[in-house]
Amino acid sequence: LLKEGCKIAMITSQGGSIDWRTTQNPNGGDYGHHMSRAAFNIAGVLMAEELKAEGFPVVMLHPGFNRTGMTAKFSAIWDIEGAVDPAVGAMRVLHEAIKADMTKTGSFINCEDGLLIPW
C-alpha cells in the first residue's frame, strides 16, 4: 500500500542502457549484468505507467561508478574514470530521489550529473 507523497526510486545501472552498450562494450560480454539491468529498467517503466494515474513517481537511478567488490576488476581505472566510495554514490541517489516528481516518472537518470541515460 503506497501512501500519499510516496516516491519509488529504483537503484539500477547504466549497464541497462542498450544505446550505450555498443560504446561501452564494443566486444560484447557481461551478458548477465546487462540483461538483468535492462529487464529491471523496463519493469520500472511499466511500474511508472501503472502508478502514473495515482500520482506516484517512479525513477530508475544509476548511482555512478562506485568502488565496490563488483567493480574491483576495474580498480586500475577507478581514479581515471572517477569511481567513488559507495557512500558518495548513495548520496547521489538520495539527491535525485528527493528531486523525483511526476515530470520525471519513468526516467532513467544518471546520478553523477542528473542527466537522462538513453535507453
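Values below: all heavy atoms of this structure, side chains included; hydrogens, waters and symmetry mates excluded.
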Distance-minimising heavy-atom pair for [X] and [Y]:
X: G15; Y: R21; value: O-NE, 3.4 Å
X: I77; Y: F65; value: O-CE2, 4.4 Å
X: G89; Y: V84; value: N-CG2, 4.0 Å

If you count every heavy atom of other residues, nucleotides or ligands that lies below 6.0 Å from M35 atom CE, does the total exceed 12?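 Counting other residues, nucleotides and ligands, CE of M35 stays at 12 neighbours or fewer.
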
Quick check: are there more than 12 heavy atoms from other residues, nucleotides or ligands sitting under 6.0 Å from CG of L2?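 Check passes, neighbour count above 12.
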
Does any N or O in the side chain of [X] come within less than 3.5 Å of the main-chain N or O of [Y], such that one atom is a donor and the other an acceptor?
X: T12; Y: L61; answer: no
X: K7; Y: D101; answer: no
X: H34; Y: G16; answer: no
X: S17; Y: W20; answer: yes

Approximate separation, where rounding is to 0.5 Å, of [X] [atom1] and [Y] [atom2]:
X: L1; Y: K3; atom1: CG; atom2: NZ; value: 7.0 Å
X: K104; Y: L116; atom1: NZ; atom2: CG; value: 8.5 Å
X: N110; Y: E96; atom1: CG; atom2: CD; value: 8.5 Å
X: C6; Y: E54; atom1: SG; atom2: CD; value: 10.0 Å

Candidate list E112, H62, M60, test side chain to side chain contact (heavy atoms under 4.5 Å, CB included), partner Q14, passing option: H62

M10, E50, K52 screened by side chain to side chain contact (heavy atoms under 4.5 Å, CB included) with V58, the one that passes: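 Filter result, single survivor: M10.
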
Between [X] and [Y], is there a shared hydrophobic cluster once you connect ILVMFWY residues whose side-chain heavy atoms come closer than 4.5 Å?
X: L51; Y: F40; result: yes
X: I117; Y: L115; result: no
X: F56; Y: V45; result: yes
X: V59; Y: I11; result: yes

What pairs of residues pass the ring pair (Phe, Tyr, Trp, His ring centres under 6.0 Å) test when at least one of them lies in residues 92-119, not counting sequence neighbours? F108-W119

For E4, check side-chain contact (heavy atoms from CB on, under 4.5 Å) against everything at least two apart and list the hits.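 In terms of side-chain contact (heavy atoms from CB on, under 4.5 Å), with neighbours along the sequence ignored, E4 is linked to no residue.
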
Could you walk me through whether N66 and T68 satisfy the side-chain hydrogen bond (donor to acceptor under 3.5 Å, both in side chains) test, starting with their C-alpha distance in whole Å, then the side-chain angles of each, then the deciding distance to 0.1 Å, before giving a yes or no? CA-CA 6 Å; N66 286 248; T68 66; over 6 Å; no

Report yes if some heavy atom in the side chain of I8 is under 4.5 Å from a heavy atom in the side chain of P57; otherwise report no. no

Are any of the side-chain heavy atoms of D85 and R67 separated by less than 4.5 Å? no

Residues R92, D113: salt bridge by 4.0 Å N-O rule: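 Here R92 does not pair with D113 in a salt bridge, since their nearest N and O are not under 4.0 Å apart.
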
